[in-house]
Amino acid sequence: SMLQLASKYKQIYLYNSNYIAVMVRIEQAAITYPLPLIEAFLEKVLNASSNLIQQYGISNILLSMDIGRFGSATLQSKPLLSLGLSFFEKVTGNKNDISVWEKSFESVAGKTEPAVIARLQSTLVAQSTCAILAGGGMFQLQTALTYRSLHRNNNSCLIEIH
């Protein structure tokens with residue numbers, strides 16, 4: 001089940017400890033913002049994640065993005081893709097290249113279908129200690145609802161950026 005896959009991922013890659021999830025839907029942001037503003041939008045997400053790291057003392061970050069092999073099939077725009085990769089590097093501090101990140105989900109899911117990976121990422125985001133959801137869209141809305149239901153007693157650690 002997806003819950004078992006999420007549990008396995010947390011054990012292997014997040015050391016079963018608290019983590020901050022950053023879910024960015026660049027394709028959705030591109031619908032809302034013109035290209036020059038996407039950089040500022042991503043900067044806002046970076047600042048929010050830095051603030052959470054400092055506030056809660058959590059250094060584990062889970063990144064969920066619609067770029068790369070499991071990303072949006074329609075996210076082919078070169079400028080968007082390069083913004084996404086640049087954001088990826090800033091969040092991970094160049095510790096990982098994108099293929100390592102992709103393989104982490106693939107190795108746990110045992111599948112490479114984008115829908116399966118997206119579902120796994122969504123489950124992990126909903127289970128995170130703190131979550132930043134940026135970009136919007138129905139998929140993200142569903143993730144936010146799940147996060148809220150799992151964290152009924154404390155939703156103060158959910159930040160939504162549109």
Side-chain angles (χ1 to χ4, degrees), residues 6 9 13-14 18-56 58-106 109 112-148 150-151 155-162:
Y9 189 94
Y13 295 102
L14 298 166
N18 291 338
Y19 62 98
I20 295 169
V22 179
M23 177 186 248
V24 179
R25 312 308 285 172
I26 290 186
E27 185 184 36
Q28 282 296 324
I31 293 168
T32 311
Y33 299 107
L35 196 61
L37 291 181
I38 291 183
E39 212 160 346
F41 162 80
L42 291 173
E43 203 57 44
K44 220 192 278 189
V45 178
L46 275 176
N47 291 337
S49 63
S50 296
N51 292 342
L52 284 180
I53 289 166
Q54 287 177 336
Q55 189 178 349
Y56 292 93
I58 299 171
S59 58
N60 258 349
I61 298 278
L62 171 86
L63 189 55
S64 167
M65 288 181 75
D66 55 354
I67 63 165
R69 281 191 300 140
F70 309 127
S72 166
T74 54
L75 189 61
Q76 302 298 336
S77 152
K78 286 278 188 291
L80 275 185
L81 205 52
S82 66
L83 276 174
L85 289 169
S86 161
F87 177 80
F88 176 87
E89 286 167 6
K90 286 177 186 167
V91 172
T92 59
N94 283 329
K95 288 191 292 260
N96 280 334
D97 71 16
I98 197 150
S99 64
V100 172
W101 173 74
E102 289 171 336
K103 284 183 186 121
S104 71
F105 295 104
E106 194 178 66
T112 56
E113 287 95 33
V116 174
I117 304 300
R119 199 69 231 133
L120 173 57
Q121 288 183 0
S122 174
T123 303
L124 287 162
V125 171
Q127 293 177 351
S128 67
T129 312
C130 296
I132 299 168
L133 305 182
M138 288 307 295
F139 181 67
Q140 203 166 71
L141 179 65
Q142 186 182 5
T143 304
L145 290 171
T146 307
Y147 181 95
R148 283 195 181 92
L150 292 174
H151 298 78
N155 272 308
S156 64
C157 213
L158 173 65
I159 298 171
E160 294 184 80
I161 300 171
H162 299 294

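Note on ring orientation: taking the six-membered ring where Trp is involved, the planes of Y9 and F105 are parallel (angle under 30°, cut-offs 30° and 60°).
The backbone N or O of V125 lies less than 3.5 Å from no partner atom in the side chain of Y19, so there is not a single donor-acceptor pair. Using modelled atom types, one side-chain atom of S50 and one backbone atom of L46 make a donor-acceptor pair closer than 3.5 Å.
Taking CG of L133 as the start and CE of M23 as the end, the distance is 6.5 Å to the nearest 0.5 Å. One finds the CG atom of L63 at 7.5 Å from the OG1 atom of T92 (value rounded to the nearest 0.5 Å). Atom CG of L145 sits about 11.0 Å away from atom CG of L150, to the nearest 0.5 Å. In this structure, the separation between CG on L52 and CG on L158 is 10.0 Å, given to the nearest 0.5 Å. Taking CD of E43 as the reference point, atom CG of L37 lies at 13.0 Å (rounded to 0.5 Å). Considering CG of L62 and SG of C130, their distance stands at 12.5 Å, rounded to 0.5 Å.
Heavy atoms only, all atoms of each residue included: A48 and I161 are closest at CB-CD1, 4.1 Å. Contact record, Q140 with A134: NE2-O, 3.0 Å, taken as the closest heavy-atom pair. Minimum interatomic distance between F41 and H162 (heavy atoms only, all atoms of both residues): CE1-C, 4.3 Å. Across every non-hydrogen atom of I38 and A30, the tightest pair is CD1-CA, 3.6 Å.
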**OP:** Let me see the working for Q28 and F139 under side-chain contact (heavy atoms from CB on, under 4.5 Å), right down to the final yes or no.
**Re:** CA-CA 10 Å; Q28 282 296 324; F139 181 67; over 6 Å; no
**OP:** Might you work through the side-chain contact (heavy atoms from CB on, under 4.5 Å) test for I53 and I61, ending with a clear yes or no?
**Re:** CA-CA 9 Å; I53 289 166; I61 298 278; 3.7 Å; yes
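Counting only residues at least two apart or in different chains, side chain to side chain donor-acceptor pair (under 3.5 Å) contacts with residues 116-132 comprise K10-Q127, N18-T129, S64-Q121, S122-T143.
Take E106 and apply the side chain to side chain donor-acceptor pair (under 3.5 Å) test, not counting sequence neighbours, and it matches R69. Contacts of E39 classified as side-chain contact (heavy atoms from CB on, under 4.5 Å), with partners at least two apart in sequence or in another chain: L83.
At least one side-chain heavy atom of V22 sits less than 4.5 Å from a side-chain heavy atom of F87.
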